[in-house]
2 protein chains.
Amino acid sequence: MRGNLFAVAVDLVVLTVRQGVFSTLLVRRGIPPFEGELALPGGFVLPHEDLLDAATRELSEETGLSLRGHHLEQLASYAAPDRDPRGRVLSVGHLALVPDLPEPQAGSDAAGSAWHPIAELPALAFDHTRILADGVERARAKLEYTTLAATFCPQTFTVSQLREVYEAVWGTTLDPRNFQRKVTSTPGFLLPTARTTSSGRGRPAQLFRRGNATSLHPPMLRD
Amino acid sequence: MRGNLFAVAVDLVVLTVRQGVFSTLLVRRGIPPFEGELALPGGFVLPHEDLLDAATRELSEETGLSLRGHHLEQLASYAAPDRDPRGRVLSVGHLALVPDLPEPQAGSDAAGSAWHPIAELPALAFDHTRILADGVERARAKLEYTTLAATFCPQTFTVSQLREVYEAVWGTTLDPRNFQRKVTSTPGFLLPTARTTSSGRGRPAQLFRRGNATSLHPPMLRD
DNA sequence: ACCTATTCGGGTCGGAGTGACGATAATGCG
DNA sequence: CGCATTATCGTCACTCCGACCCGAATAGGT
């Protein structure tokens, strides 16, 4: 085997919708390079570790958040020769879609971590701005033809909450009646439960659970 | 930087349609491990090389084929700890879609290379069967909502040739009249030229060139 | 108790897109 | 010349979507 060796890292684009705002999780770097700057959570893969395991572990170490039961997929790999001043580092970007989680805790290599709205993003370390943009675009596209929007919702949720997820992620507004017809007529998207949304004004809404369906045919149209 | 170093390789899923048969390019390995077995073309990334450059170079070295002007995109990374008996190797899979190219030539590290129909695939070295399956599925999905089917065609082609691409890749049959209506009514998919398909039986067909459109809204439906 | 704002959710209507399929045009072949 | 073959246009019914109306069910104010 030739001797051209790389360090391999994983970086995570963790997306959520909190209080109607499409947001991502960023850490403030506690060590060089880019010390003190914002970056995606992530770190180096261990010698006998798989990529998804490394992503889960690094997120837990840096923010205290667990991805158990949540959506996690590989995004793409980034390996420009000069993307890391320390040397040749290939980073495998990952995308996680989670419901509104608790506030993150500071951990190893990170001076702190917090949720940031996608709409008002600061500059990030390394090429993380590009990785984040790719993750956001992947998430926006996947809402069109999959049922992944429900992964942004709590375990039971209303049609309106699901609609607000689409509106937050896409930055659009959707007609509530047409949206309701679309999602309730898709078999396996929503499982009905007892209606108990006494909170808020207006007529109480029925609560649903995620169904088994994963794809959406025909797709939901973005505007 | 921690000392957990990987060798990084690129592997290529090169897909084409030749004589109506959906096919891929495989090499017979000339060196261990898996010497003598079939594998995807690919090899290690050089110290200052980008991933797409490495993919283009490796394909040229192993088969003599050039990807200039053809579609090439990153597919996914594969990094299971035991995927290569030589040690820790991360491979970045790539997907290339090309028209009917000349027969490949044998090159470095390869005892020979040839086109193989997707429908009757032998077992491949490493985890290349999985990488190939991911590439094939990506290609099939992309024909639905992009105009990439035209990248399988020569520079000028008829609507029937384009339809045969869809039929070969999807393994289905499509109604010629509805297909014609769909592709000719999509702005920017096909650019008309002079009609000259005197070859073959039946009424001569108009020749088209690829247009500037990249996405297909609404998508082409697979069956 | 009543009205009103608000939200949920069922329904209608027209247009775009598609599948199924008929009809016509333009060639090669016997 | 007849006929098979292929390309291309056209028709019709159906589905799905966007725009919109209206009733149903609650909270809050008076």
Side-chain angles (χ1 to χ4, degrees), chain A residues 20 143-145 147 149 153 156-168 170 172-209 213 215-223, chain B residues 19-20 143-147 149 153 156-168 170 172-209 213 215-223:
Chain A
L143 290 209
E144 291 187 4
Y145 59 93
T147 62
C153 294
T156 67
F157 55 92
T158 67
V159 173
S160 287
Q161 284 179 284
L162 185 64
R163 177 171 47 83
E164 284 159 10
V165 165
Y166 276 93
E167 292 178 338
W170 284 349
T172 60
T173 60
L174 299 172
D175 184 285
R177 297 152 295 196
N178 293 335
F179 183 83
Q180 177 127 0
R181 177 180 57 190
K182 175 70 176 174
V183 296
T184 57
S185 69
T186 300
F189 197 170
L190 301 178
L191 297 180
T193 51
R195 58 147 59 179
T196 43
T197 33
S198 48
S199 67
R201 293 186 299 255
R203 173 175 170 176
Q206 192 173 2
L207 284 170
F208 294 89
R209 212 180 297 276
S215 65
L216 222 47
H217 282 298
M220 182 88 59
L221 295 182
R222 192 193 322 198
D223 187 19
Chain B
Q19 284 100 32
L143 289 209
E144 292 188 1
Y145 58 93
T146 71
T147 61
C153 293
T156 66
F157 54 92
T158 68
V159 173
S160 288
Q161 285 179 282
L162 185 63
R163 177 170 47 82
E164 285 158 10
V165 165
Y166 276 92
E167 292 178 338
W170 285 347
T172 61
T173 60
L174 299 172
D175 185 284
R177 296 156 291 189
N178 293 334
F179 182 85
Q180 177 128 1
R181 177 181 58 191
K182 174 72 176 173
V183 297
T184 56
S185 70
T186 298
F189 196 170
L190 301 180
L191 296 180
T193 52
R195 58 149 60 179
T196 43
T197 35
S198 50
S199 65
R201 294 186 298 255
R203 173 175 170 176
Q206 192 173 3
L207 283 170
F208 294 90
R209 212 180 299 276
S215 65
L216 221 47
H217 282 298
M220 181 89 59
L221 295 181
R222 193 193 322 198
D223 187 20

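Chain letters run A, B, ... following the sequence lines, proteins first, then strands; residues in each count from 1.
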(message) As a test of reading the structure: which of D:dA25, D:dT8, D:dG18 is closest to the side chain of B:P176, going by heavy atoms?
(response)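 Between D:dA25, D:dT8, D:dG18, the one nearest the side chain of B:P176 would be D:dT8.
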(request) Please tell me which of the listed nucleotides, D:dC17, D:dT11, D:dT8, lies nearest to the side chain of A:P218? (result)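 Within the option list, the nearest is D:dC17.
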(message) Quick check for you: to the nearest 0.5 Å, what is the distance between A:R222 atom CZ and A:L174 atom CG?
(response)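 Going from the CZ atom of A:R222 to the CG atom of A:L174 covers 11.5 Å.
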(request) Output the distance between atom CG (B:L162) and atom CD (B:Q180), rounded to the nearest 0.5 Å. (result)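 So the gap between those two atoms works out to 10.5 Å.
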(message) For a 4.5 angstrom cut-off between non-hydrogen side-chain atoms, does A:E167 reach A:F179?
(response)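 Answer no - side chains too far apart.
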(request) Classify the side chain of A:R177 versus the base of D:dG18 as yes if they form a donor-acceptor pair under 3.5 Å and no if they do not. (result)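 No, the side chain and the base share no sub-3.5 Å donor-acceptor pair.
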(request) Report yes or no: is there a donor-acceptor pair, N or O only, under 3.5 Å between the side chain of B:R203 and the base of C:dG28? (result)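 No, the side chain and the base share no sub-3.5 Å donor-acceptor pair.
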Can you measure [X] atom [atom1] to [N] atom [atom2] for me and round it to whole angstrom units?
X      : N      : atom1 : atom2 : value
A:D175 : D:dC20 : CG    : P     : 9 Å
B:N178 : D:dC14 : CG    : P     : 16 Å
B:Y166 : C:dT18 : OH    : P     : 12 Å
A:F179 : C:dC8  : CZ    : P     : 12 Å
A:L190 : C:dC8  : CG    : C1'   : 15 Å
A:Q180 : D:dC22 : CD    : P     : 19 Å
B:R181 : D:dA7  : CZ    : C1'   : 16 Å
A:Q206 : D:dT26 : CD    : P     : 13 Å

(message) On DNA chain C, does the nearest nucleotide to B:P219 precede the nearest nucleotide to A:P204 from the 5' side, or the other way round? Give the residue.
(response)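 Between the two, 5'-proximity favours A:P204.
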(message) So, OP1 or OP2 of D:dC16: does either fall under 4.0 Å of a side-chain N or O from A:K182?
(response)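 Checking D:dC16 against A:K182, no side-chain N or O comes under 4.0 Å of OP1 or OP2.
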(message) So, OP1 or OP2 of C:dT27: does either fall under 4.0 Å of a side-chain N or O from B:R201?
(response)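 No.
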(message) Can you give me the closest heavy-atom contact between B:T146 and B:L216, atom names plus distance?
(response)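 Residues B:T146 and B:L216, closest heavy atoms: O-CD2, 3.5 Å.
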(message) Using a 4.0 Å heavy-atom cut-off, does A:S160 contact any base of the nucleic acid, only the sugar-phosphate backbone, or nothing at all?
(response)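 Sugar-phosphate contact only.
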(message) Here's a test of your reading of the structure: between A:L221 and B:R195, which maps to the more 5' nucleotide of DNA chain D?
(response)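 Closer to the 5' end of DNA chain D: B:R195.
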(message) Quick check against the 3.5 Å criterion: does B:T193 have a side-chain atom that pairs as donor or acceptor with the backbone of B:L207?
(response)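 Judged by distance alone, yes, a pair lies under 3.5 Å.
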